[in-house]
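In what follows, a single structure is set out as structure tokens and then discussed.
First listed ligand is number 1; within each ligand, the first listed atom is number 1. Just so it is clear, the model here is predicted, and its values are computed rather than measured.
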Amino acid sequence: MIRKLLRRVFRRAAPANTPPEPAVIPVTRHGVRRDQISPAANKVCTTLQEAGHKAFVVGGAVRDIIVGQTPKDFDVATSATPEEVRALFRRSRIIGRRFKIVHVMSGAETIEVSTFRAMQDAESTETDEHGRVLRDNVFGSMAEDATRRDFTVNALYYNPTDETVIDYHHGVADLQQKTLRMIGDPRVRYREDPVRMLRAARLGAKLGLSIDPAARGPIREMADLLENVPPARLFDEMLKLLMSGHAVKCLRQLREEGLHHGLLPLLDVILEQPMGERFVWLSLENTDERVRQGKPVSPGFLFATLLWHEVLVDWEARKANGEHSQPALFEAMDSVLDRQSGKLAITRRIAGDIKEIWALQPRFEKRAGKTPYRLLEQPRYRAGWDFLRLRAQSGELPMELPDWWEAFADAHPEAREGMLVPDRNGTTRKRRRRRKPAGAATAPVGE
Ligand code: ATP
Ligand code: MG
């Protein structure tokens, strides 16, 4: 009897999965100062708090600042409903149908404000036959909002007013100990949302954290669950991964976790094509470098490199079958993109960019007559040339070809005429190119 009573009291005090009181961590221990938060995010929090709501900067931004990285964007979590948020900010709009969030615009910034959400619970929510949660749209308490997040380091709530971090799951300590730890039972959390496996690999690589063995262990055996994730969501996640500035590290991590195998055709392509492997790693290193230098990276260019060797194989096969080179290339491009689209919803715009870059490639082989001048005028010339250079760096083409184009583009218009490489028929051109030592084509520039 007493035991029963005790159990009931206990259960009420600490229901399953709900953590007890959170730690309130002062700035001296986490180091995040108000001036490291964007003015817009600060403003959104204070306005909400002055109206009597709870409001915190949450998620990736707090985590990134603590590890010394610059956050991409700032998200705010609040106890206010979307309608209440909307009413407080003139330049704001409610977006999303299933789970409404509010975009608050301030200057050039947009702050995403979401209302505390209740925990996902595979038993009471709608799931697919593998346990993947299909709906996640119930408002909840702040503690529940913390518990439904994926990793402890992602469940930190920063209050700009007093510069404290509210920490329900020892996220600050985990960050300081360089551990990526799942909130709750990793198996359950992966079943609810298999994309968390990819997030683990990406965030581990990005933040330099090691994945806690409990979260790392089940990935290999559960990797197949990713097959049920909608292609558009996978594409978003892959894009984040590839454009993170740590693509090489992320993909190594994925390979180590056994996450690439037979899972996404794209990953198979990246990691298991012997011929293109050098090309793909070169391109990923190149992308990482650009991201780190703050230079723009186009998803089209990136996917064009990842899939190029598939196109080459297909293209060669068609040509060997007697098809003409140019139409064969277009057929090959379409067939490669079609094959990917079943799993990975490459958006139409990006597919267009990819094709543009591929379609320019054969045109770089023509260095006679009017064609080179026309190619220089192409709006996508620069992307096409960058792509050509990667091909050469990987050993697919002689370096002399991109070098020639660089010299041709830089040359005085009057000097260009003398640089053209006569091209009556393809064979002469090929033989001539192979015999020339690398760099020879730059000679005419100074003439
Ligand atoms: P980054 O923005 O650097 O890519 P992030 O952690 O901020 O990383 P977002 O996709 O912006 O990633 O998500 C914001 C926050 O939402 C996360 O920090 C996490 O708390 C929560 N979150 C995102 N995806 C999931 C998920 N699949 N399961 C549970 N919580 C998630
Ligand atoms: Mg984020």
Compare [options] and give the one whose heavy atom is closest to [atom].
{"atom": "atom 17 (C) of ligand 1", "options": "M243, R199, R63", "value": "R199"}
{"atom": "atom 28 (N) of ligand 1", "options": "R202, R196, E112", "value": "R196"}
{"atom": "atom 3 (O) of ligand 1", "options": "K240, K206, R149", "value": "K206"}

Requested in this report: Identify, by atom number and element, the atoms of ligand 1 in contact range of G59, meaning under 4.0 Å from any of its heavy atoms.
Outcome: 18 (O)
Query raised in the report: Which ligand 1 atoms, with their elements, are less than 4.0 angstrom from a heavy-atom of K72?
Result: 1 (P), 2 (O), 3 (O), 4 (O)
**Report entry** Least distance between heavy atoms, A155 atom then R149 atom
**Finding:** CA-CD, 3.9 Å
Query raised in the report: Considering all heavy atoms of both residues, which atom of F116 and which atom of D145 are nearest to each other, and what is their separation?
Result: CA-OD1, 3.3 Å
Tell me whether [X] has any N or O atom under 3.5 angstrom from an N or O of ligand 1.
{"X": "D73", "answer": "no"}
{"X": "D64", "answer": "no"}
{"X": "D193", "answer": "yes"}

Query raised in the report: Taking the six-membered ring of W405, is NZ or CZ of R389 closer than 6.0 Å to its centre and within 45° of its axis?
Result: no
Report task. For E192 and ligand 1, answer yes if some heavy atom of the residue is under 4.0 Å from a ligand atom, otherwise no. Result -> no
**Report entry** CA sep, side-chain torsions, deciding dist, call: W385, F364, ring pair (Phe, Tyr, Trp, His ring centres under 6.0 Å)
**Finding:** CA-CA 8 Å; W385 181 81; F364 283 102; 8.4 Å; no
Requested in this report: Under 4.0 Å, heavy atoms only, figure out whether ligand 1 is touched by the backbone of R233, its side chain, both or neither.
Outcome: side chain
